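See structure below.
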Amino acid sequence: MARIGVLALQGAFREHVDIVRGLGYECSEIRKAEELDEIHGLIIPGGESTAMGKLLVDFGIKDILAEKIKGGLPVWGTCAGMILLAKDIADQENTHLSLMDIKVRRNAYGRQLGSFFCEAPVTGVASDVKMPFIRAPYIEKAGEGVDILSVVDDNIVAAREDNLLVTSFHPELTDDTRLHRYFIENMVG
Ligand code: GLN
């Protein structure tokens with residue numbers, strides 16, 4: 001049976017763990033590089049990408065995780081997790097894991113008032129996915145190999161490139177488990 005890991009260095013990891021377990025899958029919190037060997041798919045939660053990026057280095061996970069994802073480990077980054085996966089971050093010199101051919105803009109809706117909720121379609125998932133945005137990034141530019149799965153107000157908020165899935169929003173803060181199902185059933189298998 002598929003075992004899912006949730007990167008648990010910082011941010012909203014607990015909610016992802018609860019949803020994955022609620023769907024009947026095994027799920028573990030990941031804080032050490034060797035724990036990556038025990039999972040078939042990884043969720044990188046929302047939080048604060050600068051802090052999480054630093055913790056990836058401090059905990060000695062960054063390089064091993066990048067290799068695993070390059071080797072095909074399915075990964076889903078929500079919000080800050082999406083920023084960690086991006087190859088390009090607008091107005092910022094450094095990137096983190098640098099694996100997905102997207103350019104993201106952090107706090108793209110403004111810092112203070114940039115939190116809102118909507119329901120919108122996600123290709124392959126549903127026409128009314130619940131989307132809480134919390135100081136969210138969006139994708140400004142996506143490379144040719146990237147499938148755009150959702151656009152809200154002309155901004156790309158969900159996309160997939162092979163084994164990488166990203167969403168700007170936080171489905172784990174709702175009772176809508178369909179994206180978790182999509183990730184586990186379609187990408188982890
Ligand atoms: N604004 C955060 C960042 O840039 C992301 C916010 C979130 O994950 N909810 O890292």
Side-chain angles (χ1 to χ4, degrees), residues 4-20 27 29-31 41-59 61-62 65-66 69 75-120 122 125 129-142 146 149-161 164-180 182-183:
I4 306 300
V6 181
L7 188 69
L9 302 178
Q10 194 265 340
F13 55 87
R14 191 72 235 177
E15 293 83 353
H16 278 295
V17 172
D18 290 345
I19 290 186
V20 173
C27 189
E29 296 180 2
I30 304 295
R31 294 188 184 82
L42 178 73
I43 298 174
I44 305 181
E48 213 286 322
S49 56
T50 306
M52 220 185 295
K54 185 173 181 312
L55 290 168
L56 274 179
V57 175
D58 293 350
F59 279 64
I61 297 179
K62 183 179 167 186
L65 175 56
I69 298 171
V75 64
W76 172 21
T78 55
C79 207
M82 167 164 121
I83 297 167
L84 291 184
L85 290 168
K87 281 190 178 165
D88 193 358
I89 304 175
D91 298 332
Q92 186 171 309
E93 293 265 303
N94 72 304
T95 53
H96 302 282
L97 293 163
S98 273
L99 294 166
M100 187 164 177
D101 193 9
I102 52 172
K103 177 179 185 178
V104 299
R105 179 165 292 278
R106 297 177 64 192
N107 300 307
Y109 300 92
R111 255 176 190 279
Q112 297 304 327
L113 301 171
S115 301
F116 62 97
F117 177 85
C118 70
E119 289 186 8
V122 177
V125 180
V129 173
K130 293 183 183 173
M131 302 183 175
F133 291 84
I134 304 170
R135 294 185 298 283
Y138 58 61
I139 298 173
E140 270 190 2
K141 222 162 48 185
V146 176
L149 302 182
S150 185
V151 176
V152 171
D153 294 336
D154 294 333
N155 301 313
I156 305 167
V157 297
R160 175 171 171 181
E161 184 180 24
L164 288 86
L165 173 70
V166 291
T167 56
S168 295
F169 50 91
H170 287 259
E172 79 284 5
L173 302 181
T174 74
D175 59 2
D176 191 341
T177 59
R178 291 172 294 181
L179 260 158
H180 290 80
Y182 171 87
F183 175 63

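Heavy atoms only: backbone and side chains are in, while hydrogens, waters and symmetry mates are out. Predicted model, so just to flag it, every value in this text is computed and none were measured. Each ligand, and each atom within it, is numbered from 1 in the order the structure gives.
Between Arg31 and Phe59, the shortest heavy-atom distance links the atoms O-CD2, 3.3 Å.
Scored by the ring pair (Phe, Tyr, Trp, His ring centres under 6.0 Å) test, Tyr182 finds no partners at all (sequence neighbours excluded).
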One pair to check against salt bridge (charged side-chain N to carboxylate O under 4.0 Å, His left out): Arg106 and Asp91. What are the steps and the verdict? CA-CA 9 Å; Arg106 297 177 64 192; Asp91 298 332; over 6 Å; no
Please determine whether salt bridge (charged side-chain N to carboxylate O under 4.0 Å, His left out) holds for the pair Arg14 and Glu29, giving the CA-CA distance in whole Å, both sets of side-chain angles, and the decisive distance to 0.1 Å. CA-CA 8 Å; Arg14 191 72 235 177; Glu29 296 180 2; 3.0 Å; yes
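Residues Leu9 and Ile61 have side chains in contact (heavy-atom distance under 4.5 Å, counting atoms from C-beta outward).
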Could you pull out the N/O contacts under 3.5 angstrom between ligand 1 and the surrounding protein atoms?
unit_1   : atom_1 : unit_2 : atom_2 : d
ligand 1 : 1 (N)  : Asn107 : OD1    : 2.9
ligand 1 : 1 (N)  : Arg135 : O      : 2.9
ligand 1 : 4 (O)  : Arg106 : NE     : 2.8
ligand 1 : 4 (O)  : Arg106 : NH2    : 3.1
ligand 1 : 8 (O)  : Gly47  : N      : 2.9
ligand 1 : 8 (O)  : Gly47  : O      : 3.1
ligand 1 : 8 (O)  : Ala80  : N      : 3.0
ligand 1 : 9 (N)  : Ile134 : O      : 2.9
ligand 1 : 9 (N)  : His170 : NE2    : 2.8
ligand 1 : 10 (O) : Ser49  : N      : 2.6
ligand 1 : 10 (O) : Ser49  : OG     : 2.8

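Asp153 places no side-chain N or O within 3.5 Å of a backbone atom of Asn155 that could act as its donor or acceptor partner.
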